[in-house]
Amino acid sequence: MSKPPRFDLLLVLLFTVIALASNSVTVATPITQQFKEAPQFYNSPDCAVPVDEDESDGEASILCSDQAVHVAMTLDTAYIRGSMAAILSVLQHSSCPQNIAFHFIASATANASFLRATISSSFPYLNFRVYPFDDSSVSRLISTSIRSALDCPLNYARSYLANLLPPCVRRVVYLDSDLVLVDDIAKLAATPLGDDSVLAAPEHCNANFTTYFTPTFWSNPSLSLTFANRKPCYFNTGVMVIELDRWREGDYTTKIEEWMELQKRIRIYELGSLPPFLLVFAGNIVPVDHRWNQHGLGGDNFRGLCRDLHPGPVSLLHWSGKGKPWARLDANRPCPLDALWAPYDLLQTPFALDS
């Protein structure tokens with residue numbers, strides 16, 4: 001009995017993939033996953049009605065409203081499954097989900113229309129816009145780090161939010177794609193930043209801050225004096241509240257780039273996009289309760305072993321580190337806490353597709 005043509009085609013594709021892998025050929029991978037449509041979430045009666053501050057394009061939206069909660073995330077094929085779960089978690093736990101504006105940053109070389117369609121198919125009611133990020137603007141500044149995933153140019157897009165987002169967006173909550181919220185994001189967005197602070201994030205002052213920089217950095221008096229009049233603490237850049245107007249006024253993107261340029265000449269750190277943020281901001285940020293970034297659930301940058309929650313209440317779970325919950329679940333080697341991510345997974349399973 002002959003095999004159906006579709007089966008032959010699948011065999012050809014399978015052997016092609018195996019051949020490419022054996023020859024160490026790197027190819028662009030399109031989104032092959034399909035995602036379910038998420039439920040629609042509605043505002044509670046006491047939510048404000050957002051007013052668009054900039055309707056010059058004739059499009060009534062909340063993407064420029066000061067009453068909206070503005071959320072910025074990167075978007076790519078590698079982490080799209082995590083992004084979908086993060087979006088769902090934000091909406092599900094918000095008291096005013098219709099007042100949330102999502103600003104997605106995608107590589108300028110990515111298929112933006114396909115990414116846009118993927119988001120729209122699962123969240124047809126979502127207020128969002130996709131902004132192209134020119135990888136070449138930062139690629140020349142990136143130095144190799146301890147994990148190749150940290151060297152992706154899109155990982156540095158958080159340093160360029162003030163340039164990428166429209167000037168009408170004055171405050172934004174930046175979120176990584178490997179996290180879920182279990183609390184109302186409006187609480188985090190409302191963090192008071194005082195009269196002159198640019199950034200707020202959970203600080204971890206018990207961490208050994210010296211390990212984030214090389215002996216070359218600390219042995220150079222002119223470099224180590226960077227923190228002379230500050231009390232620097234480690235903070236994770238996967239969850240931040242940023243005052244974009246103040247960032248623009250202080251030209252902080254240039255300050256970060258200057259440290260990256262120095263890193264190209266002198267090896268002063270090992271860990272991707274984090275150290276330049278620490279060099280510019282550590283000791284000068286507004287601390288946020290640790291509940292808003294229970295990070296490290298992906299383990300370390302080498303093995304990605306399972307970890308427990310930090311003591312205390314939880315508003316946000318963050319799988320920073322090598323191990324990602326969707327990969328461990330697919331491999332049938334989940335960590336206990338990955339079960340907290342699974343309810344937000346919108347991936348359409350083969351069984352659901354056949355039904």
Side-chain angles (χ1 to χ4, degrees), residues 73-74 76 78-90 92-93 145-152 154-155 158 173-185 187-188 200-213 232-241 269-275 277-278 282 285 287-347:
M73 299 174 65
T74 58
D76 66 352
Y79 282 83
I80 187 71
R81 188 170 167 190
S83 301
M84 302 290 270
I87 296 165
L88 176 59
S89 73
V90 169
Q92 183 170 320
H93 296 284
S145 63
I146 60 174
R147 184 158 62 92
S148 59
L150 301 176
D151 301 336
C152 172
L154 197 60
N155 200 41
R158 69 196 79 192
V173 178
Y174 174 81
L175 299 176
D176 273 351
S177 296
D178 52 358
L179 54 76
V180 294
L181 278 82
V182 292
D183 202 344
D184 193 339
I185 195 171
K187 300 176 186 176
L188 177 61
E203 284 186 316
H204 299 272
C205 296
N206 291 330
N208 186 351
F209 190 79
T210 59
T211 61
Y212 292 97
F213 303 96
C233 294
Y234 160 76
F235 65 92
N236 180 279
T237 56
V239 180
M240 298 183 288
V241 181
Y269 56 79
E270 304 287 352
L271 195 63
S273 63
L274 170 65
F277 263 86
L278 297 179
I285 74 170
V288 176
D289 193 293
H290 289 172
R291 68 188 302 151
W292 287 105
N293 194 351
Q294 284 271 351
H295 70 290
L297 303 185
D300 60 25
N301 283 301
F302 298 101
R303 292 179 294 172
L305 300 179
C306 298
R307 285 186 177 174
D308 294 328
L309 288 173
H310 305 292
V314 180
S315 292
L316 185 151
L317 298 149
H318 187 188
W319 280 262
S320 57
K322 185 177 181 181
K324 303 305 175 190
W326 55 89
R328 296 193 295 214
L329 288 164
D330 287 351
N332 289 319
R333 294 196 301 270
C335 293
L337 291 177
D338 294 345
L340 299 177
W341 180 88
Y344 302 98
D345 187 12
L346 287 173
L347 185 69

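Fair warning: this is a prediction, and the values are worked out from it, not measured in the lab. Sequence positions, counted from 1, serve as the residue numbers for this chain. What's counted below: heavy atoms across the whole structure, side chains too, no hydrogens, waters or symmetry copies.
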Any donor-acceptor pair under 3.5 Å from D176 side chain to D178 backbone: no
Minimum side-chain heavy-atom gap L340-V182 below 4.5 Å: no
Residue from R328, K324, R333 passing salt bridge (charged side-chain N to carboxylate O under 4.0 Å, His left out) with D338: R328
Over 12 foreign heavy atoms within 6.0 Å of CG, N208: yes
Note, L317 side chain near L337 side chain (heavy atom, < 4.5 Å): no
Short side-chain to backbone donor-acceptor contact, H204 and H290, under 3.5 Å: no
Side chain to side chain contact (heavy atoms under 4.5 Å, CB included), paired with H318, selected from L181, N293, V180, L297: N293
Whether D76 side chain and Y79 backbone form a donor-acceptor pair below 3.5 Å: yes
Heavy-atom closest pair, residues C233 and L278: O-CD2, 4.2 Å
Minimum heavy-atom distance G296-R307, with the two atoms named: O-CD, 3.0 Å
Minimal non-hydrogen separation, A200 against V288, with atom names: CB-CG2, 3.7 Å
Exercise: identify the closest heavy-atom pair between E203 and P287: OE1-CB, 3.6 Å
Residue pair L175 / V90, side-chain heavy-atom distance below 4.5 Å: yes
Geometric class of the Y234/Y212 ring pair [parallel <30°, tilted 30-60°, perpendicular >60°]: parallel
Nearest atoms (heavy-atom pairs only) where I285 meets A201: CD1-O, 3.7 Å
Ionic contact status for R81 with D330, cut-off 4.0 Å: yes
Spatial distance of atom CD1 (I185) from atom CH2 (W292) [nearest 0.5 Å]: 7.5 Å
Rounded distance (nearest 0.5 Å) linking atom CG of L346 with atom OG of S83: 11.5 Å
Heavy-atom check, side chain of L188 versus side chain of V241, under 4.5 Å: yes
Exercise: identify the closest heavy-atom pair between G238 and L179: O-CD2, 3.9 Å
Aromatic ring pairing Y269/F213, orientation class (parallel under 30°, perpendicular over 60°, tilted between): perpendicular
Within-4.5 Å side-chain heavy-atom neighbours: S177 and T74: yes
Side chain R158, main chain Y174, donor-acceptor under 3.5 Å: no
